[in-house]
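What follows is a short report on a single structure.
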Protein chains: 2
Amino acid sequence: MKISAKGEYALQAVNYLAHKHGQGYIQLKEIALHERIPLKFLEQILTALKNSGILKSRSGPGGGYYLSRPPSEVTVAQVLQSMDLSASPVDCLNECNEFECGKNNERDLCDLRWLWKDIREETVKILESTTFQDIRERKARATRSGETTGSTEGRAEESSRSDKKVHGTVRPIINRR
Amino acid sequence: MKISAKGEYALQAVNYLAHKHGQGYIQLKEIALHERIPLKFLEQILTALKNSGILKSRSGPGGGYYLSRPPSEVTVAQVLQSMDLSASPVDCLNECNEFECGKNNERDLCDLRWLWKDIREETVKILESTTFQDIRERKARATRSGETTGSTEGRAEESSRSDKKVHGTVRPIINRR
DNA sequence: TATAATCCCTACCATACGGATAGGGAATTA
DNA sequence: TAATTCCCTATCCGTATGGTAGGGATTATA
């Protein structure tokens with residue numbers, strides 16, 4: 001019951017762009033470095049986000065990407081949908097497979113169907129109602145109150161150095177596995 | 001964001017056993033056939049369920065499995081937990097990985113942490129509050145009102161023949177993929 | 001118009017993991 | 001002793017996911 005790397009990367013990227021909203025074109029490279037996402041992989045992701053209208057882009061020197069709408073109008077759900085990620089825990093809930101599912105009435109499979117439906121409903125509700133503005137605000141609130149984000153407090157804050165090139169040498173981009 | 005076959009199978013099996021609760025030992029074979037789950041795969045699953053105390057079993061002729069508690073005391077969450085399936089959409093929420101996560105404060109990863117937490121919370125709430133008794137009741141209610149289960153009504157009911165051997169010949173067990 | 005800097009496209013590679021199989025061992029009954 | 005069941009552990013296998021590679025468009029700028 002995990003979200004894919006692709007999904008997470010997409011959200012990170014959009015989140016980054018949300019922070020930089022209004023500051024013109026942001027380059028692929030910058031995002032990849034800051035968020036530590038493999039460059040070429042991120043490239044594909046941004047293309048998808050662009051095709052679905054969440055981002056806009058321009059080639060050439062000084063080119064890059066930017067959020068096509070203000071952060072308050074971009075939801076987490078929209079981003080995940082652009083990546084073709086379904087929030088449904090089970091295939092037969094995705095409309096196109098509903099008929100298939102019908103064949104399984106004899107088994108106890110469908111006994112559980114409403115359960116998955118409930119779960120999906122709740123999940124979608126959260127994903128759709130969360131904008132990147134919300135994420136930003138929530139972060140601000142958390143940092144102000146000295147937390148780590150989320151509810152795990154008291155973590156040793158051993159590093160606040162940024163990723164942006166510490167003269168020349170750049171931290172290598174680390175893979176997920 | 002899918003539940004695994006293992007998880008689904010486990011739930012089907014337990015659901016089946018819930019229906020047969022109080023009827024003594026039910027054989028692996030019977031469950032596998034009725035639910036169309038690959039026999040040897042199911043065997044592993046039942047072993048896990050047994051080790052976690054949800055099922056009890058006995059070898060030998062007339063042996064089999066049975067639910068060790070009444071259906072009203074077995075939750076969906078318990079079954080999934082026995083299979084080591086986490087309801088968390090993201091690794092860093094599983095306590096053992098929390099520290100790892102702490103290292104990522106610089107990235108925007110953790111900005112999203114509370115979101116995953118909320119989703120997990122909601123999911124868990126549903127999973128924990130649903131017992132196999134509930135599932136049974138809900139099914140009864142659904143069939144009584146002529147539905148297919150879930151909310152997809154009007155599906156052509158082209159087959160009500162059972163899986164239990166129609167003289168000798170047994171339907172082949174179909175794989176998931 | 002040349003050149004460099006970016007994004008764009010499409011094909012490909014690698015492998016971890018989930019799903020499934022196989023087979024012999026240990027209980028239990030008769 | 002033999003049949004029937006569950007128990008254990010090792011292994012296979014396909015594929016979806018994560019990641020690479022590289023040439024082609026586009027745009028800026030000099």
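Proteins come first, then strands; the chains are lettered A, B, ... in the order of their sequence lines, and each starts at number 1. Side chains included, hydrogens not; waters and symmetry mates left out as well; all remaining heavy atoms used.
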Whole-Å gap separating [atom2] ([N]) and [atom1] ([X]):
X	N	atom1	atom2	answer
B/Ile3	C/dC17	CD1	P	19 Å
A/Glu8	D/dG18	CD	P	10 Å
A/Asp84	D/dT17	CG	P	11 Å
B/Leu39	C/dG23	CG	P	14 Å
B/Lys6	C/dA20	NZ	P	12 Å
A/Lys40	C/dT10	NZ	P	14 Å
B/Met83	C/dG19	CE	P	12 Å
B/Ile31	D/dT5	CD1	P	13 Å

> Hey, what do you get for CD (A/Gln133) to CZ (A/Arg138), rounding to the nearest 0.5 Å?
Replying inline: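 The distance works out to 14.0 Å.
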
> Going through the checks in order, is the side-chain contact (heavy atoms from CB on, under 4.5 Å) test met by B/Lys50 and B/Ile54?
Replying inline: CA-CA 6 Å; B/Lys50 191 210 143 174; B/Ile54 292 178; over 6 Å; no

>> For B/Arg58, give me all partners under side chain to side chain donor-acceptor pair (under 3.5 Å), at least two apart in sequence or on another chain.
In response: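 For B/Arg58 there are no side chain to side chain donor-acceptor pair (under 3.5 Å) partners, ignoring immediate neighbours.
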
>> Classify the ring geometry of A/Tyr16 against A/His34: parallel below 30°, tilted from 30° to 60°, perpendicular beyond 60°.
In response: tilted

> NA contact type, B/Tyr65, heavy-atom cut-off 4.0 Å: base, sugar-phosphate, or nothing?
Replying inline: sugar-phosphate

>> Taking only side-chain N and O atoms of A/Tyr9, does any of them lie within less than 4.0 angstrom of OP1 or OP2 on D/dG19?
In response: yes

>> Out of the candidates A/Glu122, A/Glu121, A/Glu128, only one should pair with A/Lys125 under the side chain to side chain donor-acceptor pair (under 3.5 Å) rule; please name it.
In response: A/Glu122

> Where the side chain of B/Phe41 is defined as all heavy atoms beyond and including C-beta, which of D/dT20, C/dT21, C/dC7 is the nearest nucleotide?
Replying inline: C/dT21

> Which listed nucleotide (D/dA21, C/dT6, C/dT21) is nearest to the side chain of B/Pro38?
Replying inline: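 Shortest atom-to-atom distance from the side chain points to C/dT21.
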
>> If you compare all heavy atoms of A/Ser4 against all heavy atoms of A/Leu85, which two are closest, and at what distance to 0.1 Å?
In response: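 Looking at all heavy atoms of both residues, the closest pair is OG-CD1, 3.6 Å.
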
> In residues 43-50 of chain B, what residues come within less than 4.0 Å of DNA chain D, judged by heavy atoms?
Replying inline: B/Glu43, B/Gln44, B/Thr47, B/Lys50

> With the sugar-phosphate defined as primed atoms, P, OP1 and OP2, and the base as all remaining atoms, what B/S/- string results for nucleotides 25-30 of chain C, 5' to 3', for protein heavy atoms under 4.0 Å?
Replying inline: --BBB-

> side-chain contact (heavy atoms from CB on, under 4.5 Å) between B/Phe132 and B/Val14: does it pass, once the steps are laid out?
Replying inline: CA-CA 8 Å; B/Phe132 284 84; B/Val14 170; 3.6 Å; yes

>> Could you walk me through whether B/Ile45 and B/Lys6 satisfy the side-chain contact (heavy atoms from CB on, under 4.5 Å) test, starting with their C-alpha distance in whole Å, then the side-chain angles of each, then the deciding distance to 0.1 Å, before giving a yes or no?
In response: CA-CA 7 Å; B/Ile45 291 167; B/Lys6 202 163 138 192; 4.0 Å; yes

> What's the verdict on side-chain contact (heavy atoms from CB on, under 4.5 Å) for A/Leu49 and A/Tyr65, showing C-alpha distance, side-chain angles and the deciding distance?
Replying inline: CA-CA 10 Å; A/Leu49 289 169; A/Tyr65 299 86; over 6 Å; no

